[in-house]
Every structure is written in C-alpha cells, then in structure tokens.
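Since the structure comes first, as structure tokens, the remarks are kept for the end.
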Amino acid sequence: LIRSKEEIIAETKNLTKEQWNFKESPDRWSINQIVEHICLWELIQMNEISVALGMGPMPDFPQHLPDSIFINQDPKRLKKNITTDYTKPFTYGVPLGNNEGKNNVIWYTTMRNESIDYLKKTNDNLRIHYICFGPNIHQRYMMFFQHSFRHLGQIKEVKASPNYPK
C-alpha cells in the first residue's frame, strides 16, 4: 500500500493543469479523472471494510478464496475494464472531474494513510472478516494495491501519448 501510494504521488507530482486534464481521446480519462476514480473506489472499499469489521469475525465461514485471485488481476492491463460494467445500473465509479488534480491526490493520500495506519495498529485477524461473503479484509487490501497499479499503468499511458502536453 505504501509503495503504490508513493508511485501515484510521484507520477502526479508537478503536473500542469493541462497535463492533469489531457485526454488521449474523448472516451478516455484524464489523469485527474483516473486519480479521482481511485479515490472513489477506495472510499467504497473502506466502507465495505468498516461494515465487515462491524459484523465481527467469521472464523467458520466456508468460503476461503485463494490470495492469488486478488494479486494477479491483469497487471499488464491486457483487458481494458469498463467501470460501469461493475456498477450497473449506477455510475458511482465514474469520475465527475469536479476536483482539481492536486486535491484528488490529497484525498487519495489521506484515505490511503488511514488504511496504512489502521493496518499497522490493528490486532484484528483480517482473514476472518469477510466483505459481502466474498473476499476477506486482507484480500480486499490486496485489491487496493492491485487497483492502484492498474491505474498507474493507465496514467503512464496518458503521459506517453504523443499529444500529451510537455
């Protein structure tokens, strides 16, 4: 979680307004929208983690998914995901672009730091707290860094575009 946070910060450091808002094409997200999407996604995941902790441990829950499912989710971005495919019939994962890029980074680092601090301090066994009867909290946090790295790749693609402002 720390490494992916540091890489998001590094990739977005000192961007101009034009760089934050540049889109490769009208149907693609800007770096600003990518970071906002990461924030929206993590906010939703943090809520699910809070709910799972509130439900208490479930050591006898029969569904134990292997960690590899959550680590190896297309790290090279060979399959492009469509956010609304995961949120139908809603669009809550689609960034609105209402924040300035640097404010999205502040939002992101604030939430990520809360997760890092929680994980450093907790004595909870996160492998026996389940989210919506699917992954456990430990696995959900694996998805945090996987999701960030996936979108880091997307940010790098935007920056590599021939028309990206220098």
side-chain contact (heavy atoms from CB on, under 4.5 Å) between I9 and R112, intermediate numbers included
CA-CA 12 Å; I9 292 168; R112 183 55 70 94; over 6 Å; no
Note, Q19 side chain near I31 side chain (heavy atom, < 4.5 Å):
no
Evaluate the side-chain proximity of W20 to V105: yes if any heavy-atom separation is below 4.5 Å, no if none is.
yes
Residues N32, N104; criterion side chain to side chain donor-acceptor pair (under 3.5 Å); working and verdict:
CA-CA 7 Å; N32 185 38; N104 281 327; 2.7 Å; yes
At what distance, to the nearest 0.5 angstrom, does OH of Y141 lie from CG of L119?
5.0 Å
Would you give the length of the straight line joining atom NE2 of H147 to atom CG of L152, rounded to the nearest 0.5 angstrom?
11.0 Å
For I106 and T109, the nearest pair of non-hydrogen atoms, with its separation, is O-OG1, 3.1 Å
Looking at every non-hydrogen atom in both residues, tell me the closest pair between A52 and I137 and how far apart they are.
CB-CD1, 4.0 Å
Can you tell me how far the CG atom of L15 sits from the CZ atom of F22, to the nearest 0.5 Å?
12.5 Å
Straight-line distance of K166 NZ to T16 OG1, nearest 0.5 Å:
11.0 Å
I49 and F144, any side-chain heavy atoms less than 4.5 Å apart
yes
Straight-line distance of E36 CD to N103 CG, nearest 0.5 Å:
11.0 Å
Heavy atoms of other groups near D27 CG, more than 12 under 6.0 Å:
yes
For T12 and I8 the tightest heavy-atom approach is OG1-O, 2.8 Å
side-chain contact (heavy atoms from CB on, under 4.5 Å) involving N125 - partner list, sequence neighbours excluded:
R127, I128
Provide the full list of salt bridge (charged side-chain N to carboxylate O under 4.0 Å, His left out) pairs with a residue in residues 139-148, sequence neighbours left out, each pair given once.
E48-R140
How far does CD of E42 sit from CG of N47, to the nearest 0.5 angstrom?
13.5 Å
When you look at H151 and W41, which way does the side-chain contact (heavy atoms from CB on, under 4.5 Å) test go after all the steps?
CA-CA 11 Å; H151 287 294; W41 187 89; over 6 Å; no
Measuring only between side-chain heavy atoms, which start at C-beta, is M58 closer than 4.5 Å to H129?
no
Just jot down the salt bridge (Lys or Arg N to Asp or Glu O under 4.0 Å) partners of E24, sequence neighbours excluded, or say none.
R28
Just so I know, are the side chains of K159 and E11 near enough to count as touching, which here means a heavy-atom distance under 4.5 Å?
yes
Minimum side-chain heavy-atom gap V35-I155 below 4.5 Å
yes
Are any non-hydrogen side-chain atoms of I38 and S148 less than 4.5 angstrom apart?
yes
Using the test salt bridge (Lys or Arg N to Asp or Glu O under 4.0 Å), find all partners of E100 that sit at least two apart in sequence or belong to another chain.
none
Do you see a donor-acceptor pair shorter than 3.5 Å between the side chains of S161 and N163?
no
Could you tell me whether K102 atom NZ has more than 12 heavy atoms of other residues or ligands within 6.0 Å of it?
no
Do N136 and I131 have side-chain heavy atoms sitting under 4.5 Å apart?
no
Quick one: list whatever passes ring pair (Phe, Tyr, Trp, His ring centres under 6.0 Å) with Y108, sequence neighbours left out.
none
Quick check: closest heavy atoms across Q154 and W29, and the distance to 0.1 Å?
NE2-CE3, 4.0 Å
Identify the two heavy atoms, one from L126 and one from Y118, that lie closest to each other, and give their separation to 0.1 Å.
CD2-OH, 3.3 Å
side-chain contact (heavy atoms from CB on, under 4.5 Å) for K23 and Q33? Distances and angles first, verdict last.
CA-CA 10 Å; K23 291 182 169 194; Q33 290 173 304; 3.0 Å; yes
Results of ring pair (Phe, Tyr, Trp, His ring centres under 6.0 Å) for F61 - residues two or more places apart only
Y130, F133
Please step through side-chain contact (heavy atoms from CB on, under 4.5 Å) for the pair M142 and H138, ending with a clear verdict.
CA-CA 7 Å; M142 295 170 110; H138 175 84; 4.0 Å; yes
